[in-house]
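Take a look at the structure set out below.
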Amino acid sequence: MKQFTYADAPRAKGSRPLSPLAEAMIVVTVAVALVIPCFWLPRLLAGDLQSHTYNAWLATQVEQGSAVGLTLGRQVTNVLGDWCLQWILNHAGPAAAEQITGAVAVEIFFWGAFALAAAVAGKRCWVIAPSLGMLAYGLIFQLGFLNFYLSMGLSLWVLVILWRPRGRWMWVAAPVAVMALLAHALPVLWAGVSLAYLQVLRRVPKSSGLYVFLAGVGLEVLGQAVLFHFVPARWSLGDILGLEAALGVTGAEQLWLFGLKYLIP
């Protein structure tokens with residue numbers, strides 16, 4: 001029996017699909033507009049990004065033998081963004097390295113999120129493009145967490161590829177997941193848990209979906225408890241009930257960056 005998808009649903013009355021040319025023009029326009037903020041200033045100012053640039057420059061100095069007494073450590077994660085910065089820095093300088101790497105990361109994240117929304121809905125949802133563009137320049141980007149940001153974008157692509165897996169393209173998820181792991185492990189773990197939850201949800205009767213959701217919430221709470229056992233943290237009532245807590249739960253904190261006036265949009 002063929003599995004029903006949203007793509008099989010009848011199109012709304014009066015709606016017409018965009019022509020391939022129109023969609024291509026929209027894609028190019030959105031892609032260009034997305035990276036403008038990365039290039040409209042001489043340097044890309046994004047929190048911790050400059051420390052990544054410094055690390056990339058210092059790694060080059062060590063490799064060239066100019067930093068006497070320093071050696072490079074070896075690790076399998078939290079390095080992909082620094083490698084990109086180092087390669088571009090050696091060919092085009094630090095400012096261009098930050099701008100190009102930032103622009104590529106934004107494109108990966110935005111189109112990964114857009115493609116995932118399309119996979120879930122069964123159609124391209126251009127109406128959400130402005131919101132995704134705002135999220136692409138949200139809190140994580142502004143903090144300059146380059147490797148986590150890159151990994152998040154790549155992990156979204158893993159979800160896209162495996163949302164409705166097809167034998168011909170499933171293998172692509174493996175190298176994308178490896179690149180995401182080289183950037184940061186946490187988003188890869190999140191993507192794996194999300195896919196596992198999705199597969200369980202698809203295999204249980206629809207009437208049992210609520211129980212699967214409650215079980216997922218319970219496992220998340222248990223995971224948080226275990227995490228706090230090994231990584232002590234202190235919470236106050238204000239932290240839990242305050243405005244910042246509410247914004248964090250809803251995700252609005254991603255856009256509330258530079259003062260209360262930004263809470264309006």
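Source: prediction; values computed, not measured.
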Shared hydrophobic cluster, Val27 / Val127 (ILVMFWY, side-chain heavy atoms < 4.5 Å): yes

May I ask you to decide if Ala191's main-chain N or O and Ser155's side chain share a donor-acceptor pair within less than 3.5 Å? no

For Ala56, does its backbone N or O pair with a side-chain atom of Gln61 as donor and acceptor, under 3.5 Å? no

d(Leu162 CG, Ser194 OG) to nearest 0.5 Å is 11.5 Å

Heavy-atom side-chain contact between Pro94 and Trp57 under 4.5 Å: no

Does a sphere of radius 6.0 Å around CZ in Phe39 hold more than 12 heavy atoms from other residues, nucleotides or ligands, not counting ones at 6.0 Å or beyond? yes

Output yes when a side-chain donor or acceptor of Gln75 lies under 3.5 Å from a complementary backbone atom of Thr77, and no otherwise. yes

Between Val62 and Ala67, which heavy-atom pair has the shortest distance, and what is it? CG2-CB, 4.0 Å

Tell me whether Met25 is reachable from Trp126 by hopping between hydrophobic residues (I, L, V, M, F, W, Y) whose side-chain heavy atoms are closer than 4.5 Å. no

How long is the gap from CG on Leu89 to CG on Asn55, to the nearest 0.5 Å? 11.5 Å

So side-chain hydrogen bond (donor to acceptor under 3.5 Å, both in side chains) across residues 79-92, not counting sequence neighbours, yields His52-Asp82, Thr60-Gln86, Thr60-Asn90, Glu63-Gln86, Asp82-Asn147

Consider only side-chain heavy atoms of I, L, V, M, F, W and Y, link residues closer than 4.5 Å, and tell whether Phe258 and Leu139 are in one cluster. yes

Quick one: are the ring centres of Phe145 and Tyr149 less than 6.0 Å apart? no

I want to check a possible cation-pi pair here: Arg202 against Trp163, using under 6.0 Å from ring centre and within 45° of the ring axis as the test. yes

Verify the cluster assignment for Val106 and Leu257: are they in a single hydrophobic cluster under the rule of side-chain heavy atoms below 4.5 Å apart? yes

Residue pair Leu146 / Ala105: nearest heavy atoms and the distance that separates them: CD1-CB, 4.4 Å

For residues 112-121, pull every pair meeting side-chain hydrogen bond (donor to acceptor under 3.5 Å, both in side chains), keeping only residues two or more places apart or in separate chains. none

So, taking the atom named CZ in Phe109 and the one named CE in Met152, what distance separates them when rounded to the nearest 0.5 Å? 6.5 Å

Residue pair Leu34 / Gly133: nearest heavy atoms and the distance that separates them: CD2-CA, 4.1 Å

Between Trp111 and Phe114, what is the ring plane arrangement, given parallel below 30°, perpendicular above 60°, and tilted in between? perpendicular

Would you check if the side chain of Gln142 reaches a backbone N or O of Ala46 as a donor-acceptor pair within less than 3.5 Å? no

What closest approach, in Å, do Ala96 and Ala92 show between heavy atoms, and which atom pair accounts for it? CB-O, 3.6 Å

Separation between CG of Leu214 and OG of Ser208, rounded to the nearest 0.5 Å: 11.5 Å

Minimum heavy-atom separation for Phe141 to Cys38, with atom names? CZ-SG, 4.3 Å

Kindly indicate whether the side chain of Ile140, heavy atoms from C-beta on, has any atom under 4.5 Å from the side chain of Gln254. yes

Test side-chain contact (heavy atoms from CB on, under 4.5 Å) applied to Leu49 and Thr101, Leu143, Leu44, the passing residue: Leu44

Sequence-distant partners of Thr53, side-chain hydrogen bond (donor to acceptor under 3.5 Å, both in side chains), two or more places apart: Glu98

Set out, in order, the CA-CA distance, both residues' side-chain angles and the distance that settles side-chain contact (heavy atoms from CB on, under 4.5 Å) for Ser151 and Leu186, then state yes or no. CA-CA 8 Å; Ser151 180; Leu186 190 56; over 6 Å; no

Would you kindly confirm whether Ile26 and Val32 end up in one hydrophobic cluster when ILVMFWY residues are joined by side chain heavy atoms under 4.5 Å apart? no

Side chains of Val30 and Phe110, heavy atoms from C-beta outward: is any pair under 4.5 Å? yes

Check Ala103 against Val35 and note the closest heavy-atom contact, atom names and distance. CB-CG1, 3.7 Å

To the nearest 0.5 Å, tell me how far Leu227 CG sits from Leu222 CG. 11.0 Å

For the pair Leu219 and Val193, evaluate side-chain contact (heavy atoms from CB on, under 4.5 Å) and give the outcome as yes or no after the intermediate values. CA-CA 11 Å; Leu219 287 173; Val193 171; over 6 Å; no

Backbone N or O of Ile108 within a donor-acceptor pair of the Trp157 side chain at under 3.5 Å? yes

Do the side chains of Phe148 and Asn78 get nearer than 4.5 Å, heavy atoms only? no

Here the gap from Ser51 atom OG to Leu58 atom CG, rounded to the nearest 0.5 Å, amounts to 12.0 Å

What verdict does the side-chain contact (heavy atoms from CB on, under 4.5 Å) test give for Val212 and Tyr197, after you've listed the backbone C-alpha separation in whole Å, the side-chain angles of each residue and the deciding distance to 0.1 Å? CA-CA 8 Å; Val212 176; Tyr197 177 82; 3.6 Å; yes

